Amino acid sequence: MSRMFKRVISLLIFHCIAIHSFGQKEWEQAFDDLYSMAQFTRETLVKVQTMPAKESLDFLDGALDTLKVHQIGGVLPSLLYSTKIEKGIEANDTTNVLISLRTFRDYAYNNVSKDLMQSFNYGFGDIRPVDNSWTGEGYIGVNLYRQRALTACCAFPETAASQFGIEAIIHSSGLRLFADNNYKHACQALAIPEVDSLYQQIVRLQHEYQKWEGLTPMNAPNLQYDYEIVDFPERKVLKDSIEDCKRKYISIIYQDDSLLRHLFTSWIDVKNQLSDTDKAIAFAKVERNATEDSQYIAFVIDHTYDQPKVISICNEYQLVEWENDSHLDLQRLFDIVWQPINDEISASSRILFSADGLLHKFPIENALTSCQAIRLSSLRTLTQRPAKHKLSQASLFGGLSYSMDKNELLAENKSIPAMQNDRHKVGSRDVRYGVEELTHTKAEVEAISSILQQRGIVVMTYTGVKGTEEAFRTLSRQNIDILHLATHGFFWTQEEAEERNYAGFLSALNAGIVTGEDSTMMRSGLLFSGANVSLAGEQLPNDVEDGVLTAQELSSLDLGNTELVVMSACDTGLGEVNSEGVFGLQRGFKLAGVKSLLMSLWKVDDEATKVLMTEFYRYLLDGKSKTESLRQAQEYVKSQPGWNAPKYWAGFILLDALD
């Protein structure tokens, strides 16, 4: 509890800073009231731990009434609601738990909706106030509610708790991603010229601002620094301009609340999208206390069910053991994940599932061979299917020249308006000496280009020195249906990033200027032509792209017209995982607006991947769905001599490929 209360106190301070304009006396009174109620809440939580469970329920109701009288909102009532549900479970009082879940849900969702209305910044980059809602009280409340709803489902699986539980998963999974994308691309949804103009201006200014990131008086002594405003004057002007545009943008899009209404999709909305053979499954990780292992459960929805089924899947240690001891044993993965719900599956089923926890890292769909399984960011995706359109344009990157010298890279930028046979993970200690060319990627994109052009698709191919980051950035806001990237990908831990303190693109991260989820997004990315210059620590002018496109940079682009991104590289599906999803390249592309992704979860063989990708496009352009095209391409690779092992084909997965 002490860690949570440290967080509470910091939030109280941020809140008081936000209301400092009231005046010194009012500011002090506000802080005293908040601090007093925080102490009261802590004392309440300590006291109920020694009370009989039934008795504690009334006591907690009284404490919640006290907070209401003092008009205290935010995280403090969330802590009391959360504890009340725990105590209701302990007392085996189903009715009380269900009432508490409903009350807590309404409170938490009301708070996070207000946060969205008051502070939307994440979708445009990392310039945001310290009290940003996404790291503040509203999001904490939603996460606490999610945890308690899942705990209640485990205690009372055959009650209405299952409805609260699955909706907590639907709403919290990809919550920020959903909100960010809807507001970021509101100009498309609302079709208001002024909104579109403001959005374009924000993107342009944000791109300019990125060139200033990480600069300090120490590492940029030739630039004028104003110690009164504690910033470079030009950077301060850019920052203020971005914030001003955001305020105007937000004031316009909030006139239509339809974007908020889609946020809280009900399980019935999902059920109504299912065909006779569909089963929607939401996997969920149920956090336990420090002495107990986390548990995984599955919510199953069928179009005939009156309420979701709750089925226990496994404990987390079983997944950890699979990863450590039997990596790539797909039969064992099936036994752990799918066997407990096998009675829900038939050969004619189509499984539509969302992952959670470690399941984000494992190709569980490739362990299910009896029927088709489609991975979704959230079951919410089923209610927002975009209209199909004919594929007409594609851009392909492959056979890139990572070892361009500095002058070549500068010249190529101005011209624009690894281990042998493996697409290997860009390791923690080898990148200073650069990465090697990927032998088969040039042939891969040439073969794919030929297949696409035979079907009348206009193709732009970027190979050699032409495949720069700058060339990729020019695709933002273009009508590109397919984007194929046959290049090195990377996801580094914080420790691995610190080993690369010589790399310029990590300067803001290693200086501590960027933290949290922004930090994670800077530790994942793709390499383009000329990347070895930056990886070696060489300095480039501010207006020259360094060939290293991080997930954070990617998220600021607009790829909303892109139907499919194929990342023909290793580890492109990895990232840091929390209840919100995976923070890495897949998050970057989804924030950029891409509809569906094909990516890998581990190191992949260069030549086998070339064959798999070529076959995937062949099947796709024959009219098969993305999921069926990948399955048949994987079967083709398995049939080739020496490539039957899962390491050659099972690492590739699709995300949000509903057609």
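Source: prediction; values computed, not measured.
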Asker: For H70, which residues count as a side chain to side chain donor-acceptor pair (under 3.5 Å) partner, sequence neighbours excluded?
Answerer: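 For H70, no residue satisfies side chain to side chain donor-acceptor pair (under 3.5 Å) once neighbours in sequence are set aside.
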Asker: Output all residues satisfying side chain to side chain donor-acceptor pair (under 3.5 Å) with D276, sequence neighbours left out; order by chain, then residue number.
Answerer: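 Here the qualifying residues are H303.
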Asker: Hey, could you give me the OG/CG distance between S78 and L144, rounded to the nearest 0.5 Å?
Answerer: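 Answer rounded to 0.5 Å: 6.0 Å.
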Asker: Show, in sequence, the C-alpha distance, side-chain angles and deciding distance for V594 and D656, and conclude whether the side chain to side chain contact (heavy atoms under 4.5 Å, CB included) test is met.
Answerer: CA-CA 10 Å; V594 170; D656 294 334; over 6 Å; no
Asker: Show me the pairs that pass ring pair (Phe, Tyr, Trp, His ring centres under 6.0 Å) and involve residues 77-96, at least two apart or across chains.
Answerer: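 Found Y81-F104, Y81-Y107.
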Asker: Grab the two heavy atoms, one from L655 and one from L376, that are nearest each other, plus how far apart they are.
Answerer: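 Looking at all heavy atoms of both residues, the shortest contact is CD1-C, 3.7 Å.
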Asker: Taking C-beta and beyond as the side chain, do L382 and L274 meet within less than 4.5 Å on heavy atoms?
Answerer: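 A side-chain contact exists here, since the closest heavy-atom pair is under 4.5 Å.
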Asker: Could you pull out all residues at least two apart from R102 that satisfy salt bridge (Lys or Arg N to Asp or Glu O under 4.0 Å)?
Answerer: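 Per chain and number, R102 pairs via salt bridge (Lys or Arg N to Asp or Glu O under 4.0 Å) with no residue.
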Asker: So, taking the atom named OG1 in T151 and the one named CD1 in I89, what distance separates them when rounded to the nearest 0.5 Å?
Answerer: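 Atom-to-atom, T151:OG1 and I89:CD1 are 5.5 Å apart.
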Asker: Who pairs with K361 by side chain to side chain donor-acceptor pair (under 3.5 Å), at least two apart in sequence or on another chain?
Answerer: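 Scan of K361 (side chain to side chain donor-acceptor pair (under 3.5 Å), adjacent residues dropped) gives E323.
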Asker: As a quick check of understanding, evaluate side chain to side chain donor-acceptor pair (under 3.5 Å) for S346 and S349, giving each step before the final call.
Answerer: CA-CA 5 Å; S346 68; S349 297; 3.0 Å; yes
Asker: Set out, in order, the CA-CA distance, both residues' side-chain angles and the distance that settles side chain to side chain donor-acceptor pair (under 3.5 Å) for S312 and Q295, then state yes or no.
Answerer: CA-CA 8 Å; S312 178; Q295 178 185 359; 3.2 Å; yes
Asker: When you compare the side chain of F59 with that of T44, does any pair of heavy atoms fall below 4.5 Å?
Answerer: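 Yes, at least one pair of side-chain atoms sits under 4.5 Å.
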Asker: Kindly indicate, with the supporting measurements, whether the criterion side chain to side chain contact (heavy atoms under 4.5 Å, CB included) is fulfilled by Y296 and V337.
Answerer: CA-CA 9 Å; Y296 284 77; V337 177; over 6 Å; no
Asker: Compare all side-chain heavy atoms of Q586 with those of F589 and state whether any distance is below 4.5 angstrom.
Answerer: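 No, too far: nothing below the 4.5 Å cut-off.
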Asker: Can you confirm whether D343 is buried at CG, in the sense that more than 12 heavy atoms of other residues, nucleotides or ligands lie under 6.0 Å from that atom?
Answerer: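 At most 12 heavy atoms, drawn from other residues, nucleotides or ligands, come within 6.0 Å of this atom.
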Asker: Partners of T383 by side chain to side chain donor-acceptor pair (under 3.5 Å), sequence neighbours excluded?
Answerer: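 Residues passing side chain to side chain donor-acceptor pair (under 3.5 Å) with T383: none at all.
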Asker: Are any side-chain N or O atoms of D293 and backbone N or O atoms of Y317, one a donor and one an acceptor, separated by less than 3.5 Å?
Answerer: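 Such a contact is found between D293 side chain and Y317 backbone.
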Asker: So does A282 get a backbone contact from the side chain of S354, meaning a donor-acceptor N/O pair under 3.5 Å?
Answerer: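 Such a contact is absent between S354 side chain and A282 backbone.
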Asker: Roughly how far, to the nearest 0.5 Å, is the CD1 atom of I374 from the OG atom of S596?
Answerer: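 Rounded to the nearest 0.5 Å, the OG-CD1 separation comes to 11.0 Å.
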Asker: Look at the side chain of S378 and the backbone N and O of T381, then say whether any donor-acceptor pair between them is shorter than 3.5 Å.
Answerer: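 No; zero donor-acceptor contacts below 3.5 Å.
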Asker: Please check this pair: side chain of Q39 against backbone of S36, looking for a donor-acceptor N/O pair closer than 3.5 Å.
Answerer: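 Pair absent, no side-chain N/O of Q39 close to backbone of S36.
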Asker: Could you check if a side-chain atom of L597 sits within less than 4.5 angstrom of a side-chain atom of L585, using non-hydrogen atoms only?
Answerer: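 Result no, sub-4.5 Å side-chain heavy-atom pair not found.
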Asker: Scan residues 138-159 for pairs that pass salt bridge (Lys or Arg N to Asp or Glu O under 4.0 Å), counting only residues two or more places apart or in two chains.
Answerer: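 Found E86-R148, R146-D356.
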Asker: Where do T265 and I170 come nearest, in terms of heavy atoms and distance?
Answerer: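 Taking every non-hydrogen atom into account, O-CG2, 4.0 Å.
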Asker: For F334 and N342, what are the C-alpha separation, side-chain angles and deciding distance, and is it a side chain to side chain contact (heavy atoms under 4.5 Å, CB included)?
Answerer: CA-CA 10 Å; F334 171 86; N342 204 36; 3.9 Å; yes
Asker: Keeping Q307 on the side-chain end and T159 on the backbone end, is there a donor-acceptor pair under 3.5 Å?
Answerer: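 Between the backbone of T159 and the side chain of Q307 there is a qualifying donor-acceptor contact (under 3.5 Å).
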Asker: Identify the heavy atoms of I364 and R375 that sit nearest to each other, and give their distance.
Answerer: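 Result for this residue pair: N-NH2, 3.9 Å.
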Asker: List the atom of I281, the atom of A298, and the distance in Å for their closest heavy-atom pair.
Answerer: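 Closest approach of I281 to A298, heavy atoms only: CG2-CB, 4.0 Å.
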Asker: Do Q318 and N315 make a side-chain contact, defined as non-hydrogen atoms from C-beta onward lying under 4.5 Å apart?
Answerer: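 Of all side-chain heavy-atom pairs linking N315 with Q318, at least one is under 4.5 Å.
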Asker: Between L198 and C245, what is the shortest heavy-atom contact and its length?
Answerer: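 Heavy-atom minimum between the residues: CD2-O, 4.2 Å.
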Asker: Do W338 and F283 make the cut of ring centroids closer than 6.0 angstrom?
Answerer: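 Aromatic pair counts; centres sit under 6.0 Å.
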Asker: According to ring pair (Phe, Tyr, Trp, His ring centres under 6.0 Å), who are the partners of H360, at least two apart in sequence or on a separate chain?
Answerer: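 With sequence neighbours excluded, H360 shows a ring pair (Phe, Tyr, Trp, His ring centres under 6.0 Å) to no residue whatsoever.
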Asker: What are the two closest non-hydrogen atoms of S162 and F299, and how far apart are they?
Answerer: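 Looking at all heavy atoms of both residues, the closest pair is O-CE2, 3.7 Å.
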Asker: Does a side-chain heavy-atom distance below 4.5 Å link V310 with F156?
Answerer: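 In short, these two side chains do not touch, never coming nearer than 4.5 Å.
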Asker: Donor-acceptor pair, K595 side chain versus V565 backbone, under 3.5 Å?
Answerer: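 It does not hold such a pair.
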Asker: Give a yes or no answer on whether the side chain of E167 reaches the backbone of W267 with a donor-acceptor pair at less than 3.5 Å.
Answerer: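 Answer holds: yes.
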Asker: Sequence neighbours left out, what passes salt bridge (Lys or Arg N to Asp or Glu O under 4.0 Å) with K84? Give chain and number order.
Answerer: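 For K84, the residues satisfying salt bridge (Lys or Arg N to Asp or Glu O under 4.0 Å) (neighbours in sequence not counted) are D61.
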Asker: To the nearest 0.5 angstrom, please state how far the CD1 atom of I202 sits from the CD atom of Q206.
Answerer: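 Rounded to the nearest 0.5 Å, the CD1-CD separation comes out at 9.0 Å.
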Asker: Test side chain to side chain contact (heavy atoms under 4.5 Å, CB included) on T627 and R350; report intermediate values, then the result.
Answerer: CA-CA 11 Å; T627 301; R350 184 177 70 149; over 6 Å; no
Asker: What pairs with D106 under salt bridge (Lys or Arg N to Asp or Glu O under 4.0 Å), at least two apart in sequence or on another chain?
Answerer: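 Once residues adjacent in sequence are excluded, D106 has no partner under the salt bridge (Lys or Arg N to Asp or Glu O under 4.0 Å) criterion.
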Asker: Hey, does K279 have a side-chain heavy atom less than 4.5 Å from the side chain of C371?
Answerer: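 No, side chains not in contact.
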Asker: Excluding sequence neighbours, so at least two apart, what forms side chain to side chain contact (heavy atoms under 4.5 Å, CB included) with K309?
Answerer: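 Side chain to side chain contact (heavy atoms under 4.5 Å, CB included) check on K309 returns V300, Y305, E344.
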Asker: Taking the side chain as every heavy atom from C-beta outward, state whether D269 and S266 have any atom pair closer than 4.5 Å.
Answerer: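 The answer is yes, as the side chains (C-beta and beyond) meet within the 4.5 Å cut-off.
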Asker: Which distance, rounded to the nearest 0.5 Å, do you find between the CD1 of I72 and the CG of L64?
Answerer: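 Rounded to the nearest 0.5 Å, the CD1-CG separation comes to 12.5 Å.
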Asker: Calculate, to the nearest 0.5 Å, the distance between atoms CD1 and CD1 belonging to I99 and I85 respectively.
Answerer: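 The distance works out to 11.5 Å.
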Asker: Name every donor-acceptor pair, under 3.5 Å, that has one atom in a side chain of residues 46-56 and the other anywhere in the protein, sequence neighbours excluded.
Answerer:
{"from": "Q49", "atom 1": "NE2", "to": "L45", "atom 2": "O", "distance (Å)": "3.3"}
{"from": "T50", "atom 1": "OG1", "to": "K47", "atom 2": "O", "distance (Å)": "2.8"}
{"from": "K54", "atom 1": "NZ", "to": "D93", "atom 2": "OD2", "distance (Å)": "3.0"}
{"from": "S56", "atom 1": "OG", "to": "A53", "atom 2": "O", "distance (Å)": "2.6"}

